[in-house]
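Chain naming here is simple, since letters A, B, ... match the order of the sequence lines and numbering starts at 1 in each.
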Amino acid sequence: MSTPTDELFKNVISHAKEYGFVFQSSEIYDGLSAVYDYGQNGAELKNNIKTYWWKAMVQMNENIVGIDSAIFMHPKIWEASGHVAGFNDPMIDNKDSKKRYRADQLLEDKIAQYDSENKTDLAEELQIEMDKALKSDDLTRLRELIIEHNITCPISGTANWTEVRQFNLMFSTQMGAIAEEADVIYLRPETAQGIFVNYLNVQKSGRMKIPFGIAQIGKAFRNEVIARQFIIRMREFEQMEMQFFIRPGSQKEWFEHWKQTRLKWHLALGTSPAKYRFHEHTKLAHYADAAFDIEFEFPFGFKEVEGIHSRTDFDLGQHQKYSGKKLQYFDPEINQNYVPYVIETSIGLDRMFLLTLINAYEEENLSTPEKQDSRVVLRLHPCLAPVKAAIFPLTKKDGLPEKAREIMDKLKLDFNLYYEEKDAIGKRYRRQDAIGTPFCITVDHQTLEDNTVTIRYRDTMQQERVSANQLDKIIGELVSWKNVL
RNA sequence: GCGGAAAUAGCUCAGUCGGUAGAGCAUCAGUUUCCCAAACUGAAGGCCGCGGGUUCGAAUCCCGUUUUCCGCUCCA
């Protein structure tokens, strides 16, 4: 039962592997679930996406600076941020239907049911009991409540429940070589906290004035119950985040500003606006007073790529409370001290990578009445292409390879180039199409006479003859970040 | 984590009744050609996912396990 879009997604995944973009981690040892490695072309593409983001966020904005904080952080940070509580979900299974539920959600549903039946006393009582049990991590009590209130599985209709078990989404390890003396520390489940805890350092050392932003690209880790759909949800993933610190009260206006700015960033790559949409969170997280996702239409439906959240002063306020350090800003314009509000933009790098790959992938039919022909071409924006240009001698004799190498040596410092002399020229062109190389430069016999070469364009497959001396300028302009920024 | 399916060369797949593994494409070397996946010759590539069991003998049958896919579940 495969639809054409399923087929497309599968083809993109195998293409990603075949051409060195993404490999499964530890493949020769049977792989590691939901962990992936980036290959030779994937690493280039990923780096280019990072560069595009960093330039757009940090370099183009005088009031935004970038940092790189450590993955290990003080354990108290995760208490302050709410992750220790929020990432621990009490789960319960029904033995008959084999379905798993969040114990607190079953109880919440029951409370809602009581409310709708006007049994508000019961609802309130249950709410209080549940909060008490959750607060004290009393898993046995949670199970008792489920049984006492006759909660049954919506599928099987029975109350044949397992014990309530705790699932922790944060990876932990210990710091210090001796186990008994070790402190448990977590691998960060998000990069944002590394920014918040450095807020004061950056503000003071950079003499930053509100409004200003701190950006960061880095790895984060979540021990997902189940992680699937290729690199959409991974246990180890990379985020590109920017926290923008503002005066309380101005969050609406800045929220709108970043919503639009971030969408523009996506669209500048030439992606069809119809593939994107905003999705508003109606149920807000505890820290937010507004939240929008930028979603992209993947073959399996719209999925979040980036989140823009108005986080209020929650995070800095929490860290102020837990650390006992004042995290305030003196605003000379209004002559006041305050804990800044925060607008967050947070984009999943791996999802952006997949989006880029899927969006660029095309199986193009080139058949003519005489001949059947097709090619796979990645129509990547030239700025993002892993290889900027390939250099081919038309044949491997008559001094053409030497001439081609000479041209390559002049350009390879400025651009990531690929040299190849094997196989027929057409085959070499198609191989470059498959990894998204935007230009192919061919050295032929005429080159030896007048120092001109042909440039063959990936998208149109057209060729044009230019002087070899102008190549740096021509390629430089075509792959320049000025085209997107 | 639960249920179902699958795993054989880099890829796509064949492999009969249980009898020591095969094709096409891709790769590599060479010849030829010289601007869009050409041809020819040759080579390399496999603990049949892994572990155990049944058997004289297992890619094939049984059990376990790992990974992947589909569904459920989960997902600030």
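- Picking from B/C34, B/C35, B/C36 the nucleotide with the shortest atom distance to the side chain of A/Ile425 gives B/C35.
- Taking only side-chain atoms of A/Thr395, from C-beta outward, the nucleotide of B/C34, B/C28, B/C36 with the closest atom is B/C34.
- When the C1' atom of B/G10 is taken as reference, atom CZ of A/Phe23 falls 11 Å away, rounded to whole Å.
- Residue A/Gln24 is classed as a sugar-phosphate contact, given heavy-atom separations below 4.0 Å to backbone atoms only.
- Of the listed residues (A/Glu241, A/Lys219, A/Glu238), just one forms a side chain to side chain contact (heavy atoms under 4.5 Å, CB included) with A/Thr191, and that residue is A/Glu241.
- Contacts of A/Val377 with the nucleic acid, taken as non-hydrogen atoms under 4.0 Å apart, are absent.
- A cation-pi contact links A/Lys259 to A/Phe292, judged by a cut-off of 6.0 Å to the six-membered ring centre and 45° from its axis.
- Geometrically, A/Arg405 engages A/Tyr419 in a cation-pi contact defined by less than 6.0 Å to the ring centre and at most 45° from the axis.
- With hydrogens and angles left out, the side chain of A/Asp433 and the base of B/C36 share no donor-acceptor pair within 3.5 Å.
- Screening A/Trp53, A/Phe237, A/Tyr36, A/Tyr38 against A/Phe353 for a ring pair (Phe, Tyr, Trp, His ring centres under 6.0 Å) leaves a single residue, A/Tyr38.
- For the P atoms, the distance from B/U60 to B/C17 is 15 Å, rounded to whole Å.
- If you check every strand for non-hydrogen atoms under 4.0 Å, A/Thr454 touches a base.
- For the pair A/Gln446 CD and B/C34 P, the computed distance is 17 Å after rounding to whole Å.
- Atom CD in A/Glu420 sits roughly 13 Å away from atom C1' in B/C28 (whole-Å rounding).
- Among the nucleotides B/A29, B/C36, B/C11, the one closest to any side-chain atom of A/Lys17 is B/C11.
- Regarding A/Tyr429, its OH atom lies at a distance of 11 Å from the P atom of B/A37, rounded to whole Å.
- Spacing between B/A23 and B/C69 at atom C1', rounded to whole Å, works out to 26 Å.
- Of the candidate nucleotides B/C35, B/U67, B/C34, B/C34 has the atom lying nearest to any side-chain atom of A/Lys397.
- Put simply, CD on A/Glu421 is 12 Å from P on B/C28, counting in whole angstrom units.
- A straight line from CD1 of A/Ile441 to P of B/C35 spans 19 Å, rounded to a whole angstrom.
- As rounded to the nearest Å, B/U55 and B/C62 have P atoms that lie 16 Å from one another.
- Cation-pi contact between A/Arg277 and A/Phe302: present, with separation from the ring centre below 6.0 Å and deviation from the ring axis of at most 45°.
- Only the P atoms considered, B/G64 is 13 Å distant from B/A5, to the nearest whole Å.
- Remark: the A/Glu18 side chain and the B/C11 base include no donor-acceptor N/O pair separated by less than 3.5 Å.
- When the nearest nucleotides of RNA chain B are assigned to A/Tyr19 and A/Glu190 by heavy-atom distance, the more 5′-ward of the two goes with A/Tyr19.
- Straight-line distance from the NZ atom of A/Lys10 to the C1' atom of B/C70: 8 Å, rounded to whole Å.
- The base of B/C36 does not come close enough to the side chain of A/Arg375 for any donor and acceptor atom to sit less than 3.5 Å apart.
- Ring-plane geometry between A/Phe296 and A/Phe298 is classed as perpendicular, the angle between the planes exceeding 60 degrees on a 0 to 90 degree scale with a lower cut at 30.
- Going from the P atom of B/U68 to that of B/U41 covers 42 Å, rounded to whole Å.
- Looking at heavy-atom distances under 4.0 Å, A/Arg431 makes contact with sugar-phosphate atoms alone, never a base.
- Across the P atoms, B/U73 and B/C47 are found 41 Å apart, a figure rounded to whole Å.
- For A/Lys427, taking side-chain heavy atoms from C-beta onward, the closest of the listed nucleotides B/A38, B/U33, B/C35 is B/A38.
- One atom, NZ of A/Lys396, and another, P of B/U32, lie 11 Å apart when rounded to the nearest Å.
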